Amino acid sequence: MSAEPSTRYDPKATEPKWIDAWVREKVGHADPGSEAARAGRVFTIFIPPPNVTGVLHMGHALNGTLQDVLTRLHRMRGFETLWLPGTDHAGIATQNVVERLLAKERKSRHDLGREAFVAEVWKWKDEYEARILGQMRRLGTSPDWDRLRFTMDAGLTAAVRHVFVDLFHRGYIYRGLRLVNWCTRCGTAISDDEVTHEDVEGRLYWITYPWADGSEGGMTVATTRPETMLGDTGVAVNPDDERYTAFVGRKLLLPLVGREIPVVADAYVDKSFGAGALKVTPAHDQNDWEIGVRHKLAAPCVIAKDGTMSDEAPAAYRGLDRFEARKRVVADLEAAGHLVKIDPNPHSVGTCDRCHTIIEPLPSEQWFVRMRERSPKEPDRPSLADLAIAATREGRVRLVPERWTSFYMHWLENVRDWCISRQLWWGHRIPVFTCTKCGHADAYEKDPAACPECSSPMEQDTDVLDTWFSSDLWPLSTLGWPEQTDELRVFYPSSVLMTDRGIISLWVVRMVIMGELYAPTVETRGARTEPFRDVYIHGTILDKTGRKMSKSLGNGIDPLEMIDRYGADAVRFTLVWMTTEGQDLKLDETRFEMGRNFMNKIHNATRFALGVVDLGKRLDPDAVLAVEDRWIRTELTRTQRVVTAALTDYKFSAAAQVIYAFVWDNFCDWYLELVKPRLQVGGAAADGAKKTLVDVLVGICRMLHPIAPHITEELWEQLRPWHGVATLLAKSDWGEETFDDDDACTAIAAVRETVEAVRKLRAESRVPEKEKVDVLVVPKTESAWARLADAVRSQAPQILRLCQASSLRVERSAPPKENASGLISLGDVFIDLAGKIDLVAERARLVKETEKTGQAIAAARAKLANESFTSRAKPEVVAQERARLAESEEQAVRLSRLLEALGG
RNA sequence: GGGCGAUUAGCUCAGCUGGUAGAGCACAUCCCUUACACGGAUGGUGUCGCAGGUUCGAGCCCUGCAUCGCCCACCA
């Protein structure tokens with residue numbers, strides 16, 4: 001005899017084994033040549049590739065769990081299933097990490113040089129990637145590890161380059177001098193979508209600029225950024241503003257600088273804000289830039305790319321940090337008598353979403369993708385934005401929850417051109433080459449040997465592409481595009497994309513664009529172009545007080561720590577339980593106890609089953625299924641149906657809850673208890689129970705496996721002698737339960753009611769559980785007799801056990817003199833309290849019941865007396881109400897009889 | 001300034017196309033009954049944010065308001 005398995009499920013003892021087995025057995029492997037694949041029974045998910053710099057956080061755990069649930073479900077249901085894993089090179093983030101490490105050695109990337117630096121980043125990439133993939137495995141995920149991709153893999157790089165060259169030649173990519181969002185810390189331009197607006201206290205500085213001709217007065221402007229006044233080249237007023245119309249065309253003298261600047265009229269200016277006059281700094285503000293263009297104002301760039309005041313600023317300020325310069329400028333303006341006042345002015349400033357440094361708008365030459373406008377070279381084709389709009393408008397891409405559609409549309413309708421060049425070293429280098437001699441420039445898929453015009457050497461652009469440019473090709477490039485692979489033909493488009501709302505614009509929308517542009521170059525299933533059919537936007541994980549989890553707040557919950565403490569299945573189950581459509585998840589660590597307790601419950605139910613069933617021993621083939629066997633099998637069938645429907649409809653929480661209720665309430669609390677007496681008796685009756693017991697456990701394994709893969713795989717192995725399936729559960733069939741017996745459900749319902757009634761009477765009459773009671777059941781009518789008496793009599797041993805009764809009788813009347821009584825739907829239940837009855841208390845209970853029933857009767861009567869109800873409500877609703885009334889009235893009669901019997 | 005979401009039991013949340021409010025946790029009482037105390041039995045608690053409206057009937061539909069949160073936005 002081996003040692004008894006512990007009453008505590010120990011995930012640490014089982015999980016690693018199965019994680020290894022799934023990898024070893026290539027559970028996630030997807031075969032484009034399979035029968036299912038050929039039949040088009042395919043399910044694909046592309047993972048949102050986590051950044052290689054990151055560690056798995058709760059958001060990843062949720063995201064990964066949900067994907068794995070769907071992946072495992074579809075795999076079991078016979079779909080050729082591909083969940084494609086991978087990681088993202090995350091240009092800025094990764095470069096930042098490595099630069100910080102270098103900084104500890106007092107080195108910068110420039111000390112290493114580009115090549116050596118990039119080599120250094122690759123080393124880090126390998127380490128971080130291995131770590132995050134290990135974390136994913138620890139969660140129990142089952143992607144196709146053989147198809148692991150990285151956004152800078154050779155194949156993906158080729159795809160990126162191909163697309164850049166194509167978009168360049170087709171006129172969608174252009175280079176231009178624009179005001180861009182410049183991060184002075186990262187030293188690169190970033191796109192509009194990478195700018196996060198943060199609220200700051202802020203101040204509004206009122207400054208007077210004197211007239212250039214020396215005449216009295218001047219004009220007062222208000223600004224939140226006084227340091228930019230050094231770059232002012234005009235003051236704008238609204239053309240309809242009578243206060244100022246006379247001044248338009250006059251010149252002001254810019255304090256501290258001494259430059260003469262004109263007053264211009266521009267409709268952009270809001271008369272009611274501030275002084276109604278706007279200082280115009282074209283080089284450091286988007287609106288001013290546009291005003292500058294309209295009025296042909298110069299745009300001196302007084303702030304350099306490192307955030308210090310540039311050479312174009314007066315000598316006194318050069319080299320000062322922009323915020324230091326602000327103080328200095330204000331002080332100097334005040335000293336010179338130009339500062340009027342300073343008002344508090346809360347507003348928001350753009351910050352870099354990677355490092356939270358305040359963004360400096362700067363004029364800069366960058367590469368852009370044309371979004372809203374059509375390409376001048378392809379005037380007959382829709383703009384890129386319109387491609388994505390059409391995909392959703394035509395219902396080819398569906399967002400869940402549906403409300404995100406309007407967000408998606410709104411973004412596309414207002415998007416500006418996308419700045420794709422980054423002044424970084426880590427990333428896909430822009431494949432544009434310029435002739436060192438004649439200046440000829442073009443984009444090339446293969447590095448050109450020499451200038452095609454003059455044969456001189458050519459130099460490649462030093463910038464790299466926005467990371468999202470490569471992520472946006474993910475669904476295509478990971479399947480081998482632009483090669484025409486079998487994978488592409490079979491697995492594109494994917495079934496669903498699971499992601500967080502934070503990257504709908506950055507990633508989701510642009511993937512759609514890329515799909516619309518390039519998927520037509522392959523024969524996809526159903527000739528579909530969009531990269532995914534559904535986009536499921538799950539909630540964001542928050543801490544228990546509702547704040548986002550973040551490193552800086554230190555309020556994060558580490559999923560690996562939770563997995564260590566509660567087990568991966570518990571973490572997964574809890575997360576799935578909490579995932580209701582699109583709602584954020586307020587997470588407290590203790591929530592995982594629920595998952596853990598549930599796993600423990602299953603563990604112990606299994607312990608019980610294996611303790612009573614010898615799996616190797618053949619059972620009586622003629623063993624008849626008892627009513628409770630038929631009942632639990634029916635419940636299993638119904639539960640499985642709900643689970644399948646819920647999961648395929650992304651109702652994750654509903655699926656988890658229905659399994660939980662089945663296992664805990666029906667199987668453990670009732671079935672196992674009902675079956676114990678039979679198991680003790682043994683023989684053919686016990687065999688029916690044993691069969692059912694194990695069959696249901698097998699069913700639970702299957703149905704729960706997508707959510708809690710480890711424990712079910714473990715259980716599946718233990719049950720192997722029974723089910724005889726050689727493969728891992730992860731590779732087995734979902735199976736469709738079909739057993740259905742409504743009469744059995746009715747019978748068990750009667751038994752349950754009876755037991756519950758006795759327990760209730762016992763508790764209310766304060767009869768300790770150790771004390772046995774005599775139970776009498778009196779069916780209320782002859783027709784009830786048939787149903788109730790049979791059920792109760794056939795389940796007598798079980799009932800005796802479940803309510804600690806010494807005897808159980810079913811009779812037409814004759815209750816004991818001193819009793820506690822209660823109603824069930826088919827009759828009355830009595831327990832004999834001879835000698836220990838508290839008549840007062842018993843009567844009080846019945847009176848209370850009577851009052852409740854009286855209220856129900858009154859309510860139902862009032863409703864039915866309402867003519868408009870009976871005439872306008874649906875007939876079945878009225879009928880239901882009538883039945884309810886009849887039931888209550890009948891109960892009232894029974895109650896009064898019971899009361900009478902007590903001498904009340 | 002707009003848009004969206006939330007507001008239901010002490011807490012965290014379900015509640016499908018309108019027809020007598022549910023779960024988990026917590027709580028109270030009693031139980032270490034031979035699977036499980038990470039357990040069992042029993043038990044409560046809700047004017048479903050506020051104010052109107054539609055309807056025979058509203059947590060669910062409509063209007064307005066309030067509070068909280070998220071996102072978008074060129075009022076310096």
Side-chain angles (χ1 to χ4, degrees), chain A residues 5-9 197 204-205 221-225 228 236 268-281 285-291 345 347-348 401 403-404 406-407 410-411 414 501-502 504-505 539-540 542 544 546-548 566 570 574 577-578 580-588 590-591 593-612 651 653-654 657 660-661 668-669 672-673 676 680 755-756 759-760 762-764 766 768-770 801-804 856 859-860 863 866-874 876-878 880-881 884:
Chain A
S6 165
T7 61
R8 294 287 164 87
Y9 173 60
H197 291 270
L204 192 61
Y205 300 84
V221 295
T223 179
T224 54
R225 301 195 54 197
T228 63
Y268 166 75
V269 180
D270 179 352
K271 289 190 284 188
S272 61
F273 188 89
L278 171 70
K279 64 186 266 313
V280 182
T281 321
D285 182 279
Q286 186 61 43
N287 297 306
D288 292 10
W289 174 265
E290 283 158 23
I291 293 171
N345 181 44
H347 62 283
S348 71
R403 65 184 133 93
W404 290 107
S406 57
F407 172 86
H410 182 261
W411 184 82
N414 296 286
R501 59 170 173 268
I504 295 175
S505 51
T540 303
L542 306 173
K544 61 178 166 187
R547 296 172 307 173
K548 262 188 192 159
Y566 300 97
T574 299
W577 176 286
M578 291 174 72
T580 55
E581 190 173 284
Q583 271 332 103
D584 287 348
L585 290 74
K586 259 188 228 176
L587 190 61
D588 180 70
T590 59
R591 300 292 298 267
E593 287 174 8
M594 190 258 289
R596 180 200 59 189
N597 294 353
F598 184 48
M599 297 310 136
N600 196 236
K601 191 75 177 172
I602 293 169
H603 167 76
N604 280 298
T606 307
R607 246 170 29 98
F608 170 76
L610 296 181
V612 296
K651 304 270 193 285
S653 183
Q657 293 195 33
Y660 184 96
C668 293
D669 286 352
L672 293 188
E673 298 305 326
K676 281 175 183 173
Q680 274 174 353
V755 170
E756 277 165 348
R759 283 172 177 167
K760 190 173 163 184
R762 180 194 275 289
E764 286 175 350
R766 310 249 158 220
E769 281 179 56
K770 281 174 214 149
R801 186 173 177 285
L802 288 175
C803 48
Q804 298 299 315
K863 218 167 179 184
N866 184 347
E867 207 276 325
S868 47
F869 171 69
T870 49
S871 62
R872 297 194 197 193
K874 277 178 283 182
E876 60 265 33
V877 173
V878 178
Q880 191 187 19
E881 199 59 36
R884 207 174 279 156

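Because the structure is a prediction, the values reported are computed rather than measured. Numbered from 1 within each chain, the chains take letters A, B, ... in sequence-line order.
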Shorter than 3.5 Å, N or O on both sides, protein versus nucleotides 3-6 of chain B: list them out with atom names.
none

| said: Base, sugar-phosphate or nothing for A:Asn600? Non-hydrogen atoms, less than 4.0 Å. | reply: base
| So, A:Lys279 and A:Asp285, do they make that salt bridge, N to O below 4.0 Å? | no
| said: What is the distance, to the nearest angstrom, from the CG atom on A:Asp588 to the C1' atom on B:C11? | reply: 10 Å
| note | From the candidates B:C36, B:U34, B:C71, the one with an atom nearest any side-chain atom of A:Thr7 is B:C36
| Rounding to the closest angstrom, what is the interatomic distance between B:U7 and B:C62 at atom P? | 15 Å
| note | To the nearest 0.5 Å, atom CG of A:Leu585 lies from atom CG of A:Leu542 at 7.5 Å
| Stems where RNA chain B pairs, listed by first number, each of three or more Watson-Crick or G-U pairs under 3.5 Å | B:1-7 with B:66-72, B:10-13 with B:22-25, B:27-31 with B:39-43, B:49-53 with B:61-65
| At under 4.0 Å, does any side-chain N or O of A:Lys601 touch on OP1 or OP2 of B:G40? | yes
| field | Which atom of A:Val878 lies closest to which atom of A:Phe869, heavy atoms considered | value | CG2-O, 4.0 Å
| request: Could I get the full list of salt bridge (Lys or Arg N to Asp or Glu O under 4.0 Å) partners for A:Glu756, not counting sequence neighbours? | output: none
| Of all the nucleotides listed (B:U42, B:U20, B:G24), which has the minimum atom distance to the side chain of A:Arg884? | B:U20
| Nearest of B:G43, B:G19, B:C36 to any side-chain atom of A:Lys760? | B:G43
| field | Nearest-angstrom distance, C1' atom, B:G19 to B:A23 | value | 22 Å
| field | Nearest-Å distance once atom P is located in both B:G59 and B:G69 | value | 28 Å
| said: Taking 4.0 Å as the cut-off, does a side-chain nitrogen or oxygen of A:Thr224 come that near to OP1 or OP2 on B:A76? | reply: no
